[in-house]
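Take a look at the structure set out below.
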Amino acid sequence: MSITVSFTLNGEPVSAEVDNHTLLVEMIRDQLGRTGTHIGCDTSQCGACVIHVDGRSVKSCTMLAVQAEGADVGTIEGVALNGKLHPMQEAFREYHGLQCGFCTPGMIMSALDLVQQNPDPSEQEIRQWLVGNLCRCTGYQNIVRAVRAGAQAMRS
Amino acid sequence: MTENGIGAAVRRKEDHRFITGQGQYTDDINRPNQLYAHIIRSPLPHARIRGIELKAALDMPGVVAVLTGKDMVDDGIGGLPCGWGVNNKDGSPMTEPGHPPLAADTVRYVGDQVAVVLADKRSIARDAAELVDIDYEELPAAASLSAASAEAAPAVWEEAPDNVCFDWEIGDAAATDEAFASAAHVSSIDIVNSRLIPNAIEPRVAIGEYDSGRDEYTLYTTSQNPHVIRMLMGAFVLSIPEHKLRIIAPDVGGGFGSKICHYAEEAIVTWASKRVNRPVKWTADRSESFMSDAHGRDHISHAELALSKDGDFLGLRVRTKANLGAYLSTFGPAVPTYLYATLLAGTYKTPAIYCEVKGMFTHSVPVDSYRGAGRPEACYLLERLVDRAARETGIDPLEIRRRNFIPRDGFPYQTPVLLEYDSGDYHACLDKCLELADYKGFEKRRAESAERGKLRGVGLSTYIEACGIAPSNVAGALGARAGLYESGTIRVNPTGSVTVLTGSHSHGQGHETTFAQLVTEALGVDFDNVDVVHGDTGKIPFGMGTYGSRSLAVGGMALMAALEKIKTKSRKIAAHLLEASEDDVEFVDGQLRVAGTDRTVSFGDVALAAYVPHNYPLDVLEPGLDETAFYDPKNWTFPAGCHICEVEIDPDTGVVEIDRFTAADDFGRIINPMIVEGQVHGGLTQGIGQALYEQCVYDDSGQLLTGSYMDYCMPKADNLPNFEVTTNTTLCTHNVLGVKGCGEAGTIGSTPAVINAVVDALSELGVNDVPIPATPERVWDAIRTAAHNRAVSA
């Protein structure tokens, strides 16, 4: 069954015809063409698909598209404003918090929600927050450094 | 050193697109009018296909075709080739069965490809697959090494009734026997090197597109080596001449060896795209990755070390069974032979080594390279055995290693197992690592842990790695069916910017940055004016790709050779412009200068002159400034190092926590220390993953139990320490930069360091072995069993 779903994506109104079983991540990638949000698993473990819905981080493979009707959705493409990188993005680059880059959008979106809730997270708090985001390249150490630095930059 | 040249921790060029969501991975690509492929995979480990009923699926709206192995046979499609042949002890070749991309009559592992559904939507293809009725006659299966080795075990292949693909040896058996005859002490160990699943976070994807107007094919695929795929798939599987086949591997989200192999799905979508004359896209879901990406490791070994009364190693004897899976993957046979047993000398001057390896077929996913590929298996075995020998002889584990290290002045060193190490300083790495790890403070920390009821242990390993398999003719004599060189092009554009084309492939390693640093250093061109292109056979010269930590040591050296050609030609052009002798012109900070004068011309002006040759020596020099080099190394490179791990174990729960982990590595000259450190972190994590968390498990019936992230434990942010890493450099002696390679080292040395630490922590309880992964259950069990044994013997 086809359903029209409309929401705000990175501040712009969007709308698409989806099936009732279409996942939010599928709608974002396939129908809306925003491919910065990735799919790395099929059991909601890897976190490559983390986006923001109404200000909170969610795994977009774990929501149906229809559940996002009317929501305020944010993806990695909306994090940099007017071509200027967000401090968290800067920090990932500065601290070598990425290698292949596939998990990176989910990591950044997840980290942004952490800092929103806890502006000065400790290393342990960051590590625990990120257990739902798998990275196979970095060993997480530089991701953790990046998140701490990004949080600090966001405070100042 | 220039600001962004060799040795600078330059921030990566590639990062901007990744942190802004603008990377272009294969699944981000969609082709007009494309169909979606769903691969139907065998749910059984071993079965005969009696029949396939397609009608219900074909009747489903949106389904365009369902293709089977029979269709492939009818089209004359070949099997997936194996890229390395290994010989038996008697010189006869290994058993090499065919590997049809779609099984036509028999399936041989859970996940084996049986049919492909092509539909307008992914969900339709998936639903229609449920309607394909396959009549299987289930056959007995043996997925594990022990099951496949058992008497009367089910045979995976008729031509190998005992499931032995090859029975191979290396080293001098008689000399090794002699060494054991004269030994004062023999230590032995049984080692299971667990099976792993590589788990790049980007699942595999393949998009095939056929252009009927030009009779040309394009395959977009998640590959570490697109030219190799073009050669293997074009020549052996689909019979497409190379000039009609283009392979594009764009941004690739991690590989770790699993994206070296030529996979069935690549051939299936390419073939199918012509059958239906529409682009065909296949994206693995993670469950498919678990059951179809090549797995890694999976050895069972028995090893013995002969020692003199003073603790000198006299001889090493190793017997290994290696699981190859149901089919021979692209480089499957090379991994447990030439990439494993040749590393058994490690960092030691053991004079006699003999190793036998039986490569076994089992009803499991094909096994191939996974980060380290053979070298972690060798290091784990050797370093566990050396630690055991230290414990049994009462010699300190540091002392026994130092006593047996190849000495600083012992290079070049010819091992008894083929390799000749060119350089190294194992004492220096060990000493540096001990200092950084505060090894001296360990006993104090152990006492503090004991006060809290915890068991603390320290373990170390010293490792050797061999990168950049070479030279091609030697590798060819050992069974390699490909060259092992690399290509590189330096294309200076008319206005002086530089485009670098490399046959290497980056899937996280940062080549776009490191290779640009080489160019900046050599030509003085601004870092921002250098771009690196890779991953597209339509754009770059034939290259061998990235694996075995070879990109800098082989691919980088091809670029250095091309840069040398550019410099030579630039000097000729500059000499003409400056009316000087070519021999007097030198490169200084992006200028060409007549030595000893202030007469200069900028490199940009030289480039312009090369492309707008109005004032140019056309009678003796071609226009243009665009040079290609192919580089075939004279030898492998040999990174080495020392890893020290400290663990704390809760004896009540068996939980192992890594409290400290220190690495001191020798990678030769380092181009970008930030990138190198990142490579080490990631490698260590994968080695720690094997030590404590990860394991691929098949049950007795041949079903894959660890088929998702809920069952296969990946290392996560909260179960890893902060690593302390440093380097100690000796230069490679046979390439112009002295570089060695750093991609796999972390994975090689870390697993034994962790387990040696775990055994050390438990040794006071009488535990002398813990299997990998050392899960809480296994550690707890080892503690209880030791306590039981103590009680029984008391």
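Per chain, numbering begins at 1; letters A, B, ... match sequence-line order.
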Evaluate the side-chain proximity of A:Phe92 to B:Asp15: yes if any heavy-atom separation is below 4.5 Å, no if none is. no

>> Is any side-chain heavy atom of B:Glu202 closer than 4.5 Å to one of A:His38?
In response: no

Cut-off 4.5 Å, heavy atoms of chain A, and the answer for B:Gln679 is both

### Message
Using only atom types and a distance under 3.5 Å, with no angle test, would you say the side chain of B:Gln686 pairs donor to acceptor with the backbone of A:Arg136?
### Response
yes

Using modelled atom types only, decide if a donor and an acceptor are shared between the side chain of B:Tyr25 and the backbone of A:Gly101 within a distance under 3.5 Å.
-> yes

Interatomic distance, CZ@A:Arg93 vs NE2@B:His16, rounded to 0.5 Å, equals 9.0 Å

Of the listed B:Ile688, B:Val680, B:Ile675, the one with the largest count of heavy-atom pairs under 4.5 Å with chain A is B:Ile675

Between the side chains of B:Arg17 and A:Glu77, is the shortest nitrogen-to-carboxylate-oxygen separation below 4.0 Å, so that they form an ion pair? no

Determine whether A:Arg127 and B:Lys716 satisfy the following criterion, side chain to side chain contact (heavy atoms under 4.5 Å, CB included), listing intermediate values before the conclusion. CA-CA 8 Å; A:Arg127 286 184 178 272; B:Lys716 299 179 186 67; over 6 Å; no

**Report entry** Non-hydrogen side-chain atoms of B:Pro203 and A:Phe102 separated by less than 4.5 Å
**Finding:** yes

Expected contact set for residues 286-295 of chain B against chain A at heavy-atom separation under 4.5 Å reads B:Arg286, B:Ser287

Could you check whether any side-chain N or O of A:Tyr140 sits under 3.5 Å from a backbone N or O of B:Pro715, counting only pairs where one atom can act as donor and the other as acceptor?
yes

(request) May I ask you to test the B:Ile19-A:Met88 pair for a side-chain heavy-atom distance under 4.5 Å? (result) no

Is it the case that B:Asn30 and A:Arg29 place a side-chain donor and acceptor less than 3.5 Å from each other? no

In this structure, CG of B:Asn199 is separated from SG of A:Cys41 (nearest 0.5 Å) by 10.0 Å

For atom OH of B:Tyr36, decide whether the heavy atoms of other residues, nucleotides or ligands shown that lie under 6.0 angstrom number more than 12.
-> yes

Honestly, the part of A:Leu134 sitting under 4.5 Å from a heavy atom of chain B is both

Stepwise, does the side chain to side chain contact (heavy atoms under 4.5 Å, CB included) test hold for A:Asp30 with B:Arg122? CA-CA 11 Å; A:Asp30 298 341; B:Arg122 189 177 287 134; 3.5 Å; yes

- Query: Between B:Leu684 and A:Gln141, is any pair of side-chain heavy atoms under 4.5 Å apart?
  - Reply: no

Item to complete: Decide yes or no for B:Thr20 and A:Val79: does some side-chain heavy atom of the first lie under 4.5 Å from some side-chain heavy atom of the second?
Response: no

Given A:Thr43, A:Leu130, A:Leu98, the one with more heavy-atom pairs under 4.5 angstrom with chain B than any other is A:Leu98

If you tally heavy-atom pairs under 4.5 Å between each of A:Gly33, A:Cys137, A:Cys103, A:Gly139 and chain B, the highest tally belongs to A:Gly139

Is there a side-chain contact between B:Ile201 and A:Cys100 (heavy atoms, below 4.5 Å)?
no

If one checks every heavy atom of A:Glu94 against chain B at 4.5 Å, the contacting part turns out to be both

With chain A, the option among B:Ser123, B:Ala200, B:Gly510 that has the most non-hydrogen atom pairs under 4.5 Å is B:Ser123

One should read off an interatomic distance between A:Thr35 OG1 and B:Gln24 CD, to the nearest 0.5 angstrom, of 7.5 Å

Please report the C-alpha distance between A:Gln45 and B:Met710 in whole Å, then the side-chain angles of each, then the deciding distance to 0.1 Å, and finally whether the side chain to side chain contact (heavy atoms under 4.5 Å, CB included) criterion is met.
CA-CA 8 Å; A:Gln45 253 90 33; B:Met710 293 185 289; 3.2 Å; yes

If one checks every heavy atom of A:His86 against chain B at 4.5 Å, the contacting part turns out to be neither

Turns out that what part of B:Asn719 lies under 4.5 Å from chain A's heavy atoms comes down to neither

Comparing B:Gly254, B:Gly689, B:Gly678 against chain A, the one with the most heavy-atom pairs below 4.5 Å turns out to be B:Gly678

How far apart are the C-alpha atoms of B:Asn722 and A:Glu123, what are their side-chain angles, what is the distance that settles it, and do they pass the side chain to side chain donor-acceptor pair (under 3.5 Å) test? CA-CA 10 Å; B:Asn722 274 316; A:Glu123 177 180 331; 2.8 Å; yes

Whatever's closer than 4.5 Å to a heavy atom in chain B on A:Ile143 counts as neither

Note to self: Does A:Gln152, at its CD atom, have more than 12 non-hydrogen atoms belonging to other residues, nucleotides or ligands within less than 6.0 Å?
What the structure shows: no

Practice item. With the side chain counted from C-beta on, respond yes when A:Thr138 and B:His681 share a heavy-atom pair under 4.5 Å apart, and no when they do not. Key: no

Counting heavy-atom pairs under 4.5 Å with chain A, the top scorer among B:Gly683, B:Pro198, B:Ala284 is B:Pro198

Could you tell me whether the side chains of A:Asn142 and B:Glu677 share a donor-acceptor contact shorter than 3.5 Å? no

